[in-house]
Each structure stands twice: as C-alpha cells, then as structure tokens.
Amino acid sequence: MNPIRATLLGASLLACLSCTGKKEDERQAKAPAAASDTAELEDWPALRSSFAKDPAIEARVAEILATMTLEQKIGQMVQPEIKSITPDEVRRYYIGSVLNGGGSWPGMNKRATVQDWLKLADQYHAASMATDAEVPIPVIWGTDAVHGHSNVYGATIFPHNIGLGAAHDAELIERIAEATGQSTRATGIGWTFAPTVAVAQDARWGRTYESYSSQSALVREYAVAYVKGMQGALKEDGNVVATAKHFIGDGATDGGKDQGNALVSQSEMINVHGQGYYGAIEAGVQTVMASFNSWNDVAAGKDYGKMHGPGELLDVALKQKMGFDGFVVSDWNGIGQVTGCTDDSCPRAINAGIDMVMVPDAWKAFIANTVRQVKAGEIPQTRIDDAVTRILRVKLRAGLFDHKPSDSRYAGKPESLVHRDLARRAVRESLVLLKNDDGALPLKRGQRVLVVGKSADDLSNQTGGWSLTWQGTDNTNADFPNADSVLAGLREALGEGNVIHRDSAEGVDPATFDVAVAVFGETPYAETNGDIVPSDTMAHSRRHPEDLAVLKAAAAAGKPVVTVFLSGRALYANDLLNLSSAFVAGWLPGTEGKGVADVLVAGEDGAPAHDFRGTLTFPWPAIACPAKDSAPQFAVGQGLRYGDAKPVGKLPEDDRTACGEASTLPIFNLSDIAPFALHVAAGGAEQAVGADLNQVLRWPQAGPAVQVATVQVNTQQDAKEVTWLAPARFFSRNPSKNNLAALATARGAVQFDVLVKQAPTSPVRFGVDCGAGCGARVDLTTRFTGQAVGGKQTVKVPLACLGTLGADLTGIDVPFAISADAPFAAAFTNIKVVAGAADDADAVKCAQ
Ligand code: BGC
Ligand code: BGC
C-alpha cells in the first residue's frame, strides 16, 4: 500500500487493514470520502492563519523598522543561551531573544524557584528596554516547555506526546497546552519550543516519544489543539507563543536516525510530514523551528541537504506558498551544519529564510560576521528587513511591548506551575491495555499486591528526557517535589498494608501476595542519544535484560503478573508479554503516577473505576528487527477495554540479538557529528577544536602542546592535522555517552582515516574512555612509522578488543582518542564506528 495513503487513512481503518490482509484496491475502496484535510495534495497548500494581518500592527512594525540601525536589526535576529549572555549584554547588543537549553536554569541552579526565573526574565526584559535605540524592543525568552514547563523544579510534568496521542483526546491536549502556558508565564517566559509535529515513522528514532503519532491526520489535529491552548489569541495572561518543530521531515529520516537524512518523495513530505504544520499554521502558530535533518528526494534527483539551507522550503514552501507570516527560528547551532557554514556564520541560512538564529554560545562572532556579510552584499538588506519585520510582528501580536514578564497574573506564583488533576487525567487516558488474558486486571481492593521493577518508584524513569535536565538523566525522586510514583498510587488505592514493594520477587514468599505488578521499561534519553542503531534490535530485553529477569522471577511465583511498561516508543516485547497475564503500555507518564492506579485498581464495588481508553498511535512490533511492511503485533488503533474478550495467548518469540544490517555511528567527517565534539587535552586542561576551518589552533596559548589545522585527506578541508609539540591527547567526546554493545555484537570497530606527516619516536596510543577511570588503550606506534609515513591508511580497532582490555562498551563517552608526544604529526578524518569492520583482514589484532 502506498505509504502516503496509509498515513492519510484513519487509524481505525488501518487497524482493521493490517488484520484482514485484503488486496490494496479493496482496502482503498473502504477509505472514507476524502475530506479537504485528507485529500492528496499536489503541492504545498495555501493556508489561512487564525491571525489575520492587523493593519495597525503592520504600520507599527514599519515605523519601528525605519528607526533601526543594521546592528540593532542583526541583534534582533540573535538568540543566545542564558549561560552565555548577561542582561547587560542583551542591552549592549540589542539582542532579540534568549533561550534556556534543556537542563539550563537561572544561576545553573536546578532548584531555582519560580521567583528566580521571573527575576531573571524581568532583568533581561528591562535590559532590552534600556538600550539606546530610538524604540527599544522587548526581548523574547524561549524554552523547551515540551511536556509541561519541563525544565522547572516543582512544575507538573505531563505525559510525553506519544502518550497524549494514545489518549486520542484533542480537548485534553488543548487544556494541557493552556496549563503549560500558565506555568511558563509563571516564570516570566513568553515563548515555548512546542509542539513537536513530527510524524515519526521509525521507532528507532530517539525522539519518537515527542511525536503524537505515525499517522499524520492525528498529528495535524493535535497540533491545532496544542497551538490553540498555548497561544489562545495571545491576549490572555497565560498565553505563550508556540513553535511548530522541526521543519521538515524530522520524523522521516532513514532508519530513524536523529538529524539524519529523509529519503522520501516530495509527495510524502507534503502529504505526511507537512500535516502538522498545516494544522499549526491555521491555528495561528507564530514560529516554526528549522530541523537538523537533511532531505534527499532520490526519485526526483533532488538533494536538498540540511533543512537550515534550502530557500525552496523555508522561503518558498513555508512562507510564500503556505503563507506563514510569523518567524522561523533555527535549531541549536543548526546553521553550522549547513554546507559552507559554521556556528557563527551562515549567510546561506539567512538568505534561505531563517529569521532568528539560535546561536547559543558564539553569538558575538555571529553578529560581527552577519553585519559584515550584509555590508558586503552577501545577505541582502531586504532579507534582514523581512526577518526583523516578522520578529517585530510576533512581538507586537504577543503584547510584549505592553507588559513586563512580572505583569502576568501567573507570574511568580509557585501554584501556577502545578496542574496535578489535569496531568493525572492525562495519565489515565494515555494508558493502552494490550493484554488482559486472565482477568488479572482490574486489581481488586483487598488483594495483596507485590510491586516490583525498577520504575515502580522512579520519577526519573516516569518523566523521561527533557525533564529538568536535557537527557532526563541525573534526576532523583527528590528533584520532583509535586509528584507521585506509580507505587504511591497503588499504595493509596489498595491500602499501604496490601502492597509489598521489592526490587524483585526473588526471595518473596508467594503465599504473601495474590498478584504481582511489575513496573519497568526504558530509562531516560533525548535526541541522538535515544537512537537505536540499525544493527541493534527493537527488543527491549536486549537493552534492558534486568526487566526480563524481574519478570521471570515474578512469574516463577506462580501468581498472575501485570506488567506496566514505561517507554518512549513501541518496542519488541513478546517475551515480556508471554510472561505477563496483563500488559499495559504506560509511555512516559510524567509526574502523576497515581493516574496509573486510577485505571488498574477497581472501585469499592469491584467494578473498574476508570476504563482504559487509550489506543496505539504507532504500530507495536511483532519481530525484533524492523522490517518495512511486516505485520505489527498490535496495529495502530488497538487497545483493549475492560470486558473485551480478546485473549492474546502465547506469542512467537524472536531471539535475534542483532539485525545484521551494516551500520555505522559517525563521529567526525569534515566536521564534528553531533553529539560528538573533537577536543585536545594536555596538562589536565582541554579545549574544543571547534568548527573554524581557517584558524590554526595552537593550544594552550602560553606554551602550546599541540597544533590543529584543517587539511585534506579525502576531500577538501575534511581532516584535522594534529602536530604534537608536547605530550597531548586528541579525542572526540559525547558527554552523554553511547552504548556500543550492539555494535560490538555486530563485530564493530572504531575506524578512521589517517595520513601520517611525521613519524613518532615515542609510543602513540589509541584509546576509548567510559567515564572517570574507565577505558582501554591500544598501541598503534608501528602502524604510524616506516612505510606508513606519507600515505593514507584506514585504521580499524575492534570494539570487542577494547572490551577485553577493560572498556565498558555500554557507556562510552570518548570513542576515539590518540595520545602521543612530540614529534608526531598526522591528519585524521572519517572517524566512525562501523559494524562488521572487526572482521576485515586489516583490522588491528587485539594483541597489538
Ligand atoms: C532541539 C530542539 C530544542 C532546542 C533548544 C535542540 O537540540 O532539537 O528541539 O528546542 O535544542 O533546546
Ligand atoms: C542543550 C539542549 C540542546 C542540545 C543540543 C544541550 O546542551 O541543553 O537544549 O538541545 O544541547 O545538542
């Protein structure tokens, strides 16, 4: 079946299709009469925003623009991160916006109070109004309030979008957006980078949970609800500017790779991945964020490259054809990924239609470069005027000129952060019952219940990524003051005395309980770190064997077991399903764990107090390796109610431990590949190599130990030539670590191209690190001497070997490091981890 049609058809229809296996024409015959929303589009549609152009605002924009200098205009277009800019710098540089990134708080205090946030917001605002400009322009602060005001201590955290999609309740989403708006305004912030309108197609993507559904019609509907709830008419105290992100095709990338390449046709991009934008724009969304991904329409022979670059999409499709009249913000250093650009310089992105540039750190250089580029005619003055016009329009529409942050009636009120009943309702509605074969659910009052599993009393696992910290890691229960775990809900509903809580059922006398509830699943991740690499399987038990062990022990007690599975996506889990009498997909429910017990535990009369109402908005896999066109175990639209007599029975188990596809984890090629970054280190200090291709880094300044220049090994400027002047280390790091276990299983090796310029006279070592005091080293001196000098070679160091030498492959933060002393000089590029490379004849032998 044509994937576009598949996504356009209703979820319930699809659910039925995948179980009947009828021929394509019969299926299509059943399609509902095409509504205007679902008719197949030939081109980007013309849309009508709920914000009609207001002549008074347009006139005011033109008036203000006419007073502005070039420096003031460029300042308006810049968005630094709060760690890198003071209020006084906002004043001096006429800055238009600031953001706090994931896990960035005022004073870098995770427990900053609502007053701390508000005070800083007022300071930035006051500074922006104290410039020497003829008309001072208020700064707008943007934040990732993506499931509630999720960076803020004490704020209610709602289920991630995947759970809200399962709830199938647009009104609920509107209420949540409205509540999140109030929480955001409580801290003085006026703009949130939500909703994500990705239509995620491959659950290996680490951002799948930010997507409401793999079905574009649902994403469109919920985008409308979210924007309405958050922005309202931008007239109320709780209204906040929303962002539709990430434009376009973030959910379409090949293999679900974050920031990867969408290999889809124009028709699929328009009809599937565009739908969320159509809804959001019609609902009046004022900003759109560009995406990190690339798009290559292979069939049409059209490679658009990185989405921050093509004017055909940002300008022509989004602004001209769809009629979007708000502004486009770039993503975090996203301009630096455009060919020919760096983090602090990118005429191409501005010319393509980026209006505001998220340039977290290098903003001063960006301003200087951009001013110069306008003066040199590389960026037309008219483009700058258009960008500033759009920014001013949004600021006037949002009423920012009329109020300071603390003017909102929600401002500074801790209670405005808290929306517990609404979040609890959302949790109840989002749960999807996939199996209830023996009537183990609902739990009855008076039953003695054993609760096991690592997530039963773990708010960090409940909330997932983008919760207080960027990855959602490094949080404890104490970091969530207004919250309840699933266990707390079960205790309340069943009575303290009826609940036994243990890590595992091992050693617990089966006579002491009637039923076991196991709560476990994924641990927090965000963005690239959450990707499942192509060689890995979709089997939850491969990544989290501890959960299978807990379930086996619980099942061995001979009592019924209810599994509550907390995850950011649908994962292969037939082994877990077979060990469970009942299985509930709970997604990432957020801070109101009591919503789970509301549905699991019967009322006083023994009848269910709340029925299940969630259904899948993503297919649930039947096999461990993703395969296009394979029938799902549970189709989109599936989800049981109490009383449904549809036993799942014993499912076939697929115990493949790798998916065999050739796979790579790229680290560096031409430039750093996020989240990796090259560094040099010597004498206990370190320095990022950075993206500047023209500058030769000699570091440290006082007495350099190392020199790094950009040279060619395979293609122009693709490599870093490192010259050792003293003992030093050249390495790449992902601070959030990678789990390379699957790549090791797939016989992976760390691989890089190297051209030795000057032979070493002392040992050169390759190494990997896995946190403090953890790592492995391999001596490569012989590979870099004699014949090797002057010629290019590819070095492959097997992961298995590094594991044998002591590296913990499940948590590698430095996958590539070269330690040496002077003299030694070599150029390095194309650094990656490659599945299968350990088997190559030229791979380094472990003894070496
Ligand atoms: C993410 C965006 C986010 C931004 C600011 C980026 O890495 O892709 O979704 O809004 O950072 O935190
Ligand atoms: C920030 C995030 C951002 C990410 C991009 C992090 O350091 O906190 O907001 O999305 O970097 O890589």
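Ligands are counted one by one from 1 in listed order, and the atoms in each one are counted from 1 as well. FYI, the numbering just counts along the sequence from 1.
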Which of the ligand 1 atoms, numbered from 1, are nearer than 4.0 Å to a heavy atom of L99: 5 (C)

Atom indices of ligand 1, in the order listed, that fall short of 4.0 Å to a heavy atom of F193: 10 (O)

D331, D144, T192, D258: member with heavy atom nearest to atom 11 (O) of ligand 1: D331

The one among Q79, H246, E527, K245 that brings a heavy atom closest to atom 7 (O) of ligand 1: E527

Side-chain donor-acceptor contact under 3.5 Å, Q471 with K737: no

Atoms of ligand 1, numbered as shown, that sit under 4.0 Å from any heavy atom of M289: 2 (C), 10 (O)

Shortest non-hydrogen contact from A166 toward W587: CB-NE1, 3.6 Å

Pair K228 + E178, salt bridge at N-O below 4.0 Å: no

Side-chain ion pair, D355 and K319, N-O less than 4.0 Å: yes

Minimum-distance pair of heavy atoms, taken over all atoms of V199 and H273: O-CE1, 3.4 Å

Test item, R207 contacting ligand 1 (heavy atom, 4.0 angstrom): yes

Under 3.5 Å side-chain donor-acceptor pair for N151 and W105: no

Any W470 heavy atom less than 4.0 Å to ligand 1: no

